[in-house]
A.B. asks: 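I'd like to ask some things about the structure below.
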Amino acid sequence: MKRVLSGIQPSGQLHLGNYAGAVRQFIALQEDHEMYLFLATYHAMTTSRDAKLLRENTRQAAIDYLAFGIDPEKAHIYLQTDVPQVHELAWLLACVCPPHMMDKATSYKDKIARGLPASIGLYTYPILQAADILSVDADLVPVGKDQIQHIEITRDLAEKFNHYYGEVFKLPEARVPEDAAVLPGIDGQKMSKSYGNTIDPFLPEKQLRKVVMKIKTDSTPVEAPKDPETCPVFQIYRAIAGRDDPGTNQLAGDYRAGGMGYGDAKQRLFELLLTHFGPARERREELTRDAAVVDRVLKQGAAAAQARIEEVLIRARKACGLR
Ligand code: ADP
Ligand code: TRP
């Protein structure tokens, strides 16, 4: 059975972009893969400066995983914090990593350009991510399109290490969703927790509607035909409902025909979200009431991940002369 690993940073509530790019793939893959899904708490430190908030976001993100439908019977769910061994692996990889490999990573530059504080942690972020992936001998890494470069870096680092020390690490492959578009946020840029432009499908109904109504649209008048392809409202609708969904086709047709205002399109998106995430929203309410379930899941997941990483660590230490 192929082994899958992926993670999401608990730097804020999980959002539709995380769902479309990552979580939806996790749910599909868990049926016939050995799954390791974690919350990248150490990575979240690259942008968080608030202990209370990080603690709370981590808890909420763990609840989100379960509410979305990741099944702890089928996937090991854990916190990165509970496998600190990844830092040892990250060090081994850092020692074979030429600086130019980090210099060319676009996510660092993007984040700095967005005003996030520069730090060595943020700069070497891809090395820790490589350690996460290599730590369980993952075959597949389901991620959104923006993460492909990080998986390439992971492969490069694994190859470098293997070049010096023999076949220690397995080379993983990225798996991006079929409809690999990056989901836009309410401002039309990439939806991201760090950019404050997200839609959280678990918001109370009223707030959810309010956020959807805030999605940025242009000033084309109601009567005029509109291009669905360039409108974030349509892009989000299509990502959630699917390309072949009748509602998606209807909406695209109504954009092109003219006579439909953006308010109408937003109302349809809002209704879609309520229907699509109805069961998940109910599950989330139950989980919020039962804290013990989440703790138990994370503990079991950490034990499984630790057992796996210990094996890899012993192999890596031996290979490079530490043992
Ligand atoms: P964020 O950018 O909100 O901090 P993360 O970087 O933690 O989110 O991303 C977690 C996963 O969700 C990754 O696999 C990433 O590719 C995916 N993802 C995040 N935002 C989007 C988006 N806007 N569109 C598609 N996938 C996304
Ligand atoms: N960098 C990833 C993101 O921002 C999160 C992450 C950390 C991750 N470690 C990982 C994703 C390992 C996949 C595999 O989305």
A.B. asks: Going by atom type alone, with no hydrogens or angles, which donor-acceptor pairs under 3.5 Å involve a side-chain atom of residues 288-305 and a protein atom two or more places apart or on another chain?
C.D. replies:
unit_1 : atom_1 : unit_2 : atom_2 : d
Thr288 : OG1    : Arg284 : O      : 2.6
Asp295 : OD1    : Arg59  : NH1    : 2.8

A.B. asks: State, with a plain yes or no, whether a side-chain heavy atom of Arg323 is found less than 4.5 Å away from one of Ile314.
C.D. replies: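 Side-chain contact under 4.5 Å: no.
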A.B. asks: Checking Tyr125 now: which residues fulfil ring pair (Phe, Tyr, Trp, His ring centres under 6.0 Å) with it, not counting sequence neighbours?
C.D. replies: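 Here the qualifying residues are His43, His150.
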A.B. asks: List the atom of Val222, the atom of Gly261, and the distance in Å for their closest heavy-atom pair.
C.D. replies: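 Between these two residues, the closest heavy atoms are CG1-N, 3.8 Å.
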A.B. asks: Show the numbers, then the answer: is there a ring-ring contact (aromatic ring centres under 6.0 Å, His included) between Tyr65 and Phe38?
C.D. replies: CA-CA 9 Å; Tyr65 263 15; Phe38 69 101; 8.8 Å; no
A.B. asks: Report the C-alpha distance between Tyr19 and His276 in whole Å, list the side-chain angles of each, state the deciding distance to 0.1 Å, and finish with yes or no for ring-ring contact (aromatic ring centres under 6.0 Å, His included).
C.D. replies: CA-CA 12 Å; Tyr19 174 76; His276 187 89; 5.8 Å; yes
A.B. asks: Taking the side chain from Gln129 and the backbone from Thr154, do they hold a donor-acceptor pair closer than 3.5 Å?
C.D. replies: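 A pair under 3.5 Å: no.
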A.B. asks: Counting heavy atoms not belonging to Ile120, are there more than 12 under 6.0 Å from its CD1?
C.D. replies: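 No.
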A.B. asks: Would you call Glu173 and Lys2 a salt bridge, taking side-chain N to carboxylate O under 4.0 Å as the test?
C.D. replies: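 Salt bridge flag = no for Lys2 with Glu173.
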A.B. asks: Strictly distance-based, threshold 3.5 Å: is any side-chain N or O of Lys52 a donor or acceptor partner for the main-chain N or O of Asp50?
C.D. replies: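 Side chain of Lys52 to backbone of Asp50, a donor-acceptor pair under 3.5 Å: no, none is there.
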A.B. asks: Would you say Lys214's side chain and Ile186's backbone share a donor-acceptor pair under 3.5 angstrom?
C.D. replies: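 Side chain of Lys214 to backbone of Ile186, a donor-acceptor pair under 3.5 Å: no, none is there.
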A.B. asks: Run Glu34 and Arg308 through salt bridge (Lys or Arg N to Asp or Glu O under 4.0 Å) and show every step you take.
C.D. replies: CA-CA 12 Å; Glu34 183 184 341; Arg308 191 41 75 213; 3.7 Å; yes
A.B. asks: If I take atom CD from residue Gln13 and atom CD from residue Glu56, how far apart are they, to the nearest 0.5 angstrom?
C.D. replies: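 The CD atom of Glu56 is 8.0 Å from CD of Gln13, to the nearest 0.5 Å.
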A.B. asks: Under 3.5 Å, is there a donor-acceptor pair linking the side chains of Glu310 and Gln306?
C.D. replies: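 There is no such pair between these side chains.
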A.B. asks: Which is it for Ile112 and Leu122 under the side-chain contact (heavy atoms from CB on, under 4.5 Å) test, yes or no, and what are the steps along the way?
C.D. replies: CA-CA 9 Å; Ile112 301 299; Leu122 187 61; 3.9 Å; yes
A.B. asks: If only side-chain N and O atoms count, and only distance matters, is there a donor-acceptor pair under 3.5 Å linking Asp218 with Tyr262?
C.D. replies: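 Side chains of Tyr262 and Asp218: pair found under 3.5 Å.
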A.B. asks: For the rings on Phe26 and Phe68, is their centre-to-centre separation under 6.0 Å?
C.D. replies: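 No; Phe68 has its ring centre 6.0 Å or more from that of Phe26.
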A.B. asks: Can you check whether Leu54's main-chain N or O pairs, donor with acceptor, with Thr58's side chain at less than 3.5 Å?
C.D. replies: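 At least one qualifying donor-acceptor pair exists.
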A.B. asks: Salt bridge (Lys or Arg N to Asp or Glu O under 4.0 Å): which pairs involve residues 186-199, sequence neighbours left out?
C.D. replies: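 Output for this query lists Asp146-Lys190.
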A.B. asks: Does some side-chain heavy atom of Leu269 sit less than 4.5 Å from a side-chain heavy atom of Ile215?
C.D. replies: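 Side chain of Ile215 against side chain of Leu269, heavy atoms only: contact under 4.5 Å found.
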A.B. asks: Rounded to the nearest 0.5 Å, what separation is found between the CD1 atom of Ile151 and the CG atom of Leu171?
C.D. replies: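 Going from CD1 on Ile151 over to CG on Leu171, the span is 11.5 Å.
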A.B. asks: Only one of Ile8, Asp64, Thr198 forms a side chain to side chain contact (heavy atoms under 4.5 Å, CB included) with Asn18, so which one is it?
C.D. replies: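 Exactly one candidate clears the test, Ile8.
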A.B. asks: Would you say Thr41 and Thr81 are linked by a side-chain donor-acceptor pair, where the criterion is simply a distance under 3.5 Å?
C.D. replies: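 Checked: Thr81/Thr41 side chains pair up, N/O donor to acceptor below 3.5 Å.
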A.B. asks: Closest approach of Met260 and Ala265, non-hydrogen atoms and distance?
C.D. replies: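 Looking at all heavy atoms of both residues, the shortest contact is CE-CB, 4.0 Å.
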A.B. asks: Salt bridge between Arg315 and Glu167, side-chain N to carboxylate O under 4.0 Å?
C.D. replies: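 So Arg315 does not pair with Glu167 through a salt bridge.
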A.B. asks: Give a yes or no on whether Met101 and Tyr165 share a hydrophobic cluster (residues Ile, Leu, Val, Met, Phe, Trp, Tyr; joining criterion: side-chain heavy atoms under 4.5 Å apart).
C.D. replies: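 Met101 clusters together with Tyr165.
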A.B. asks: Is there a side-chain contact (heavy atoms from CB on, under 4.5 Å) between Ser11 and Asn57? Walk through the geometry before answering.
C.D. replies: CA-CA 6 Å; Ser11 45; Asn57 283 336; 5.7 Å; no
A.B. asks: Just by distance, do the side chain of Arg243 and the backbone of Ala239 share a donor-acceptor pair under 3.5 Å?
C.D. replies: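 Absent.
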A.B. asks: Between the side chain of Arg256 and the main-chain N/O of Pro228, is any donor-acceptor distance below 3.5 Å?
C.D. replies: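 No, the answer is negative, given that no donor and acceptor are paired below the 3.5 Å cut-off.
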A.B. asks: Can you see which heavy atom on Asp32 is nearest to which on Met1, and at what distance?
C.D. replies: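 Looks like O-CG, 3.5 Å.
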A.B. asks: The test is side-chain contact (heavy atoms from CB on, under 4.5 Å); show your working for Arg238 and Glu229 and say whether it passes.
C.D. replies: CA-CA 10 Å; Arg238 182 175 59 192; Glu229 298 299 329; 3.2 Å; yes
A.B. asks: In terms of the angle between their ring planes, are Tyr36 and His76 parallel, tilted or perpendicular, with boundaries placed at 30° and 60°?
C.D. replies: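 Tilted, since the angle between the ring planes falls between 30° and 60°.
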A.B. asks: Side chain to side chain contact (heavy atoms under 4.5 Å, CB included) with Phe161: which of Leu89, Leu134, Leu92?
C.D. replies: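 The single option meeting the side chain to side chain contact (heavy atoms under 4.5 Å, CB included) with Phe161 is Leu92.
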A.B. asks: Got a second to check how far Ile240's CD1 is from Ile199's CD1, nearest 0.5 Å?
C.D. replies: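 So the CD1 of Ile240 and the CD1 of Ile199 are separated by 8.5 Å.
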A.B. asks: Give a yes or no on whether a salt bridge exists between Arg268 and Asp264, defined as a side-chain N under 4.0 angstrom from a carboxylate O.
C.D. replies: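 Looking at Asp264 together with Arg268, the answer is yes, because their closest N to O distance falls below 4.0 Å.
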A.B. asks: Could you please spell out the steps behind the side-chain contact (heavy atoms from CB on, under 4.5 Å) verdict for Ile127 and Met102?
C.D. replies: CA-CA 8 Å; Ile127 301 180; Met102 295 297 102; 3.8 Å; yes
A.B. asks: Side chains of Asp132 and Tyr42: does their closest heavy-atom pair fall under 4.5 Å?
C.D. replies: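 SC-SC contact between Asp132 and Tyr42 ruled out.
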A.B. asks: Spell out, as yes or no, whether a donor-acceptor pair under 3.5 Å connects the side chain of Gln30 to the backbone of Asp71.
C.D. replies: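 Pair found, side chain donor or acceptor close to backbone of Asp71.
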A.B. asks: Would Leu183 and Phe270 show up in the same hydrophobic cluster when neighbours are defined by side-chain heavy atoms closer than 4.5 Å?
C.D. replies: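 Yes; tracing contacts between hydrophobic side chains, which count when under 4.5 Å, links both residues.
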A.B. asks: Please round to the nearest 0.5 Å and tell me the distance separating atom OH of Tyr123 and atom NZ of Lys109.
C.D. replies: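 If I round to the nearest 0.5 Å, the distance is 9.5 Å.
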A.B. asks: So, does Asn249 use its side chain to make a donor-acceptor pair with the main chain of Pro246 at under 3.5 Å?
C.D. replies: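 No, Asn249 side chain to Pro246 backbone: no donor-acceptor pair under 3.5 Å.
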A.B. asks: If you round to the nearest 0.5 Å, how far is CD of Glu88 from CZ of Arg317?
C.D. replies: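 Going from the CZ atom of Arg317 to the CD atom of Glu88 covers 4.0 Å.
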A.B. asks: Donor-acceptor check, side chain of His33 to backbone of Met35, threshold 3.5 angstrom: yes or no?
C.D. replies: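 Side chain of His33 to backbone of Met35: no pair is present.
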A.B. asks: Is there a donor-acceptor pair under 3.5 Å between the side chain of Gln235 and the backbone N or O of Pro184?
C.D. replies: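 No, the answer is negative, given that no donor and acceptor are paired below the 3.5 Å cut-off.
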A.B. asks: Rounded to the nearest 0.5 Å, what's the gap from CD1 on Ile70 to CG on Leu29? Could you check?
C.D. replies: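 Those atoms lie 10.5 Å apart.
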